[in-house]
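First up is the structure itself, then whatever we jot down about it.
If you're wondering where the values come from, they're calculated on a predicted model, not measured in any experiment. Labels below follow one simple rule: chain letters A, B, ... track the order of the sequence lines, proteins then strands, and each chain is numbered from 1.
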Amino acid sequence: MNIVEQVQKKLKQEIREAVLKASLAAEEQIPEVILEVPKEKAHGDYSTNMAMQLARIAKKPPRKVAEELIEHFDKSKASIEKIEIAGPGFINFHLDNSYLTQLIPTILESMEEYGRTAVGNNQKVQVEFVSANPTGDLHLGHARGAAVGDSLCNILDKAGYNVSREYYINDAGNQINNLALSVEARYFQALGLEKEMPEDGYQGADVIGIGDRLAEEFGDKYVNVPEQERFDFFREYGLKYEMEKLKQDLENFRVPFDVWYSETSLYNNGKIDEAMQVLKDNGHIFEEGGATWFRSTTFGDDKDRVMIKQDGSYTYLTPDIAYHKDKIDRGFEKLINIWGADHHGYIPRMKAAIQALGYARETLEVEIIQLVHLYKDGEKMKMSKRTGKAITMRDLIDEVGLDATRYFFAMRSADTHLDFDLDLAVSQSNENPVYYAQYAHARISSILRQGAEQGIIYDLNANVSILGSEKEIDLLKKLGEFPLAVAEAAEKRMPHRITNYIFDLASVFHSFYNAEKVLDLENKDKTVARMALIKSVQITLRNALALIGVSAPEKM
RNA sequence: GUCUCAGUAGCUCAGCUGGAUAGAGCGACAGCCUCCUAAGCUGUAGGUCGUGAGUUCGAAUCUCGCCUGGGACACCA
């Protein structure tokens with residue numbers, strides 16, 4: 001707990017104490033103390049609406065309640081400088097903010113650990129994301145899911161959760177057969193032979209590439225082998241090729257995974273049968289029309305779902321249920337799935353399955369990633385995966401750059417539609433919000449470099465108590481918020497809270513930079529203290545950027 | 001038709017557990033480099049928070065209806 005959290009806690013305690021001493025409410029009647037930072041600086045450092053909340057219980061007008069509360073408030077505690085009643089009954093606290101300078105040694109000592117909290121309680125959380133079919137290139141929606149998922153994992157980790165990142169490989173079922181047939185067609189075509197693409201074949205350029213590669217490597221070797229052998233070979237080859245490319249693309253996008261989980265493995269190790277058996281034992285399975293059904297309506301789904309089709313094969317749902325059972329069997333207490341908007345209708349049946357297996361519905365959380373629309377020259381770009389005309393994640397990174405892409409995806413809440421302005425993201429100018437934060441970091445680095453050249457040394461023991469100007473206090477306040485911002489982003493599963501924080505911190509720094517000079521040879525003590533301050537800003541900025549996978553350059 | 005997400009400044013979006021005069025960026029306008037990076041700073045203009053009701057001391061925020069837009073509603077994955 002840093003000094004800011006300690007002061008807030010103290011303040012809340014004192015407010016409760018005052019309520020009791022003033023006999024405004026009995027102990028069990030007191031609502032949770034809400035402290036907020038007023039938008040208006042004139043309204044003090046913190047304010048509480050306690051008096052308004054108590055008005056009914058105390059049967060007195062809010063301002064009267066506030067007066068009595070203040071009367072019994074012990075001002076000697078919690079650095080209080082002044083207390084005022086304002087508006088309809090707010091109580092505004094003005095603090096002696098000199099305590100904030102204690103943040104500096106805390107941050108300098110914590111370094112890359114600053115921001116870490118234990119709110120997650122080491123809970124075992126698994127985040128499954130991207131999980132795109134290995135049948136083509138990752139597109140924009142996947143890129144957004146990857147960026148949001150990775151950022152969320154970083155944030156959860158920082159907030160004290162025990163996180164595992166997982167990718168579910170859909171390497172079974174029709175779409176892979178389709179891939180095999182598409183590869184086959186492209187292979188024949190690469191050799192100049194006639195071969196039609198399957199009806200729902202993958203038209204992407206990457207499959208053409210696989211065909212070319214096969215033709216080059218093996219010549220016409222596979223033209224005249226038995227069909228089944230050829231099919232099996234192309235299936236394996238295509239899958240391996242697509243997966244390698246996928247892994248490489250994600251790695252380039254700074255998105256690592258701990259586990260790559262194969263759907264096929266569920267078929268081979270009996271886990272599907274196992275899951276089916278549990279559902280059967282729990283009485284949620286029935287036969288009808290030659291198919292085997294899961295009675296998901298018991299748990300609020302719109303209709304029951306087929307698990308084994310008339311032809312004896314599984315639907316997509318069946319291995320997926322086994323997969324989720326396996327996740328829980330592996331000891332995860334919370335499963336977070338990050339899905340594209342098109343899978344949105346799938347949530348109720350998956351949650352139903354979790355319940356039918358005998359677990360709490362809330363074990364599974366699904367975060368939906370809404371669609372991305374690309375705009376260029378003010379116009380929406382059309383794309384279609386079927387015809388292979390989609391812009392791929394790789395195209396996007398090549399054109400926009402890694403940092404800008406990550407930042408753009410992280411900065412919008414994931415469940416709203418995103419209009420991605422290519423021209424804006426590409427622009428290397430002040431129009432681009434990505435550079436704003438990086439620029440602040442580079443500026444700080446530059447000042448610290450020059451300070452060092454002039455032999456100015458600061459350390460944990462720098463006398464920071466001499467800091468206290470308005471801009472310095474603004475900076476310190478913002479620095480103190482970081483652990484809270486991370487904790488809140490984690491608990492609400494909202495990575496974009498972090499970009500908001502980054503922007504705010506950078507903004508306060510730029511403002512400070514323009515108002516006050518750091519390096520001042522006439523006043524060495526102040527220079528040392530300010531260098532320690534901006535070093536703290538640099539550390540915090542870098543930590544925050546790391547959470548969303550954006551680099552913190554020393555120079556720009 | 002059912003479900004779901006959204007609608008906030010000209011554009012793109014924030015807005016916390018319901019709080020005070022609804023905020024940023026871009027764009028427009030006016031200023032700031034003899035000074036650590038002007039990719040920056042300071043200020044001005046710009047709003048019926050889609051709409052109608054309800055809940056209450058108080059609603060952009062919660063509830064319901066309606067309008068508009070996106071998406072999902074397979075024995076596909």
Side-chain angles (χ1 to χ4, degrees), chain A residues 31-32 34 36-40 42-43 47-49 52-53 55-56 61-62 86-90 92 133 135 170 172-176 178 200 263 288-293 302-303 305-311 313-317 319-320 340-348 368 370-371 373 375 378 411-413 415-421 424 427-440 442-451 454 484-485 488 492 494 496-497 499-500 503-504 506-507 509-520 527 530-531 534 555-556:
Chain A
E32 193 199 344
I34 295 172
E36 56 179 28
V37 178
K39 277 175 268 186
E40 202 69 38
H43 294 149
S47 81
T48 182
N49 60 357
M52 277 122 85
Q53 290 193 298
R56 190 178 313 174
F90 289 101
N92 295 337
N133 292 344
T135 54
N170 296 117
N174 282 332
Q175 78 281 5
I176 295 299
N178 232 325
D200 296 317
E263 180 186 358
E288 191 179 293
T292 304
W293 296 68
D302 293 349
K303 46 182 140 182
R305 307 292 170 177
V306 171
M307 293 197 63
I308 304 176
K309 297 182 237 173
Q310 280 179 347
D311 66 5
S313 64
Y314 296 127
T315 60
Y316 179 77
L317 180 63
D320 215 11
D342 53 341
H343 285 69
H344 163 264
Y346 196 75
I347 300 173
I368 289 298
Q370 280 294 348
L371 298 183
H373 293 128
Y375 283 76
M411 81 179 176
R412 299 278 179 250
S413 71
D415 60 354
T416 60
H417 303 246
L418 174 64
D419 293 319
F420 197 111
D421 186 338
L424 177 61
S427 74
Q428 298 268 325
S429 72
N430 59 340
E431 292 172 30
N432 195 329
V434 186
Y435 299 113
Y436 189 76
Q438 292 188 320
Y439 186 51
R443 265 184 159 173
I444 293 169
S445 306
S446 170
I447 298 170
L448 292 175
R449 265 196 308 272
Q450 290 173 57
Q454 289 168 23
L484 298 147
E488 203 171 84
K492 299 205 157 129
M494 291 177 125
H496 77 280
R497 283 288 169 80
T499 48
N500 289 350
F503 184 85
D504 286 348
S507 173
F509 171 75
H510 283 310
S511 181
F512 161 82
Y513 177 92
N514 274 274
E516 313 200 34
K517 206 153 161 15
V518 174
L519 301 176
D520 177 8
T527 301
R530 284 190 168 164
M531 279 177 72
I534 66 168
K555 277 182 185 169
M556 281 174 77

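- Heavy atoms of A:Asn170 sit nowhere under 4.0 angstrom from any nucleic acid atom.
- In this structure, A:Arg443 fails the cation-pi test against A:Phe509, since its NZ or CZ atom is not both closer than 6.0 Å to the six-membered ring centre and inside 45 degrees of the ring normal.
- Proximity of A:Tyr316 to the phosphate of B:rA77: no side-chain N or O atom is located under 4.0 Å from OP1 or OP2.
- Of the candidate nucleotides B:rA39, B:rG19, B:rC5, B:rG19 has the atom nearest to the side chain of A:Glu36.
- Proximity of A:Lys39 to the phosphate of B:rG19: no side-chain N or O atom is located under 4.0 Å from OP1 or OP2.
- Put simply, A:Lys303 has no side-chain N or O that comes within less than 4.0 Å of OP1 or OP2 on B:rU2.
- Using a 4.0 Å heavy-atom cutoff across all strands shown, A:Gly451 reaches no nucleic acid atom at all.
- Looking at A:Arg530, its side chain does come within 3.5 Å of a backbone N or O of A:Lys517 through a donor-acceptor pair.
- Residue A:Leu371 is classed as a sugar-phosphate contact, given heavy-atom separations below 4.0 Å to backbone atoms only.
- Distances shorter than 4.0 Å separate none of the side-chain N or O atoms of A:Arg443 from OP1 or OP2 on B:rA39.
- Using a 4.0 Å heavy-atom criterion, one finds that A:Ala442 contacts the bases of the nucleic acid, with or without backbone contacts as well.
- Among the heavy atoms of the strands, none lies under 4.0 Å from A:Gln454.
- Heavy-atom distances to RNA chain B give each of A:Phe90 and A:Ser507 a nearest nucleotide, and the one nearer the 5′ end belongs to A:Phe90.
- Contact annotation: A:Lys309 reaches the phosphate of B:rA77 (side-chain N/O to OP1 or OP2, under 4.0 Å).
- The shortest distance between the side-chain N/O atoms of A:Ser413 and the OP1/OP2 oxygens of B:rA14 is below 4.0 Å.
- Proximity of A:His496 to the phosphate of B:rG15: a side-chain N or O atom is located under 4.0 Å from OP1 or OP2.
- Between A:Tyr346 and B:rA74, a side-chain N or O to OP1/OP2 separation shorter than 4.0 Å is absent.
- Using a 4.5 Å heavy-atom threshold, the side chains of A:Pro38 and A:Ser47 count as touching.
- Taking 3.5 Å as the limit, the base of B:rG40 and the side chain of A:Asn514 contain a donor-acceptor pair of atoms between them.
- Remark: side-chain polar atoms of A:His510 are not paired, donor with acceptor, to backbone N or O of A:Tyr439 under 3.5 angstrom.
- Backbone-only engagement by A:Gln450 is indicated by non-hydrogen atom pairs under 4.0 Å involving sugar-phosphate atoms exclusively.
- Nearer to the 5' terminus of RNA chain B, by closest-nucleotide assignment, is the contact made by A:Pro38 (compared with the other of A:Pro38 and A:Gln175).
- The side chain of A:Gln53 places no N or O atom within less than 4.0 Å of a non-bridging phosphate oxygen (OP1 or OP2) of B:rG58.
- For A:Ile447, taking side-chain heavy atoms from C-beta onward, the closest of the listed nucleotides B:rU42, B:rG70, B:rC36 is B:rC36.
- Between A:Thr315 and the phosphate of B:rA74, there is no side-chain N or O to OP1/OP2 separation shorter than 4.0 Å.
- In this structure, A:Tyr513 reaches the bases: a heavy-atom distance under 4.0 Å links it to at least one base atom across the strands shown.
- Considering only side-chain N and O atoms, A:Ser446 lies under 4.0 angstrom from the phosphate OP1 or OP2 of B:rU37.
- Within 4.0 Å of A:Asn178, counting heavy atoms only, lies no atom of the nucleic acid at all.
- Taking the side chain of A:Arg412 as heavy atoms from C-beta on, and the options B:rC5, B:rC75, B:rC13, the nearest nucleotide is B:rC13.
- Side-chain nitrogen and oxygen atoms of A:Tyr436 include at least one within less than 4.0 Å of the OP1 or OP2 phosphate oxygen of B:rC41.
- At the heavy-atom level, A:Arg449 lies nowhere under 4.0 Å from the strands shown.
- Residue A:Thr499 has no polar side-chain atom (N or O) positioned under 4.0 Å from OP1 or OP2 of B:rC13.
- In this structure, the side chain of A:Gln175 engages the main chain of A:Asn170 through a donor-acceptor pair within 3.5 Å.
- A donor-acceptor contact shorter than 3.5 Å links the side chain of A:Thr527 to the backbone of A:Asp520.
- The base of B:rA77 has none of its N or O atoms less than 3.5 Å from a complementary donor or acceptor on the side chain of A:Asp200.
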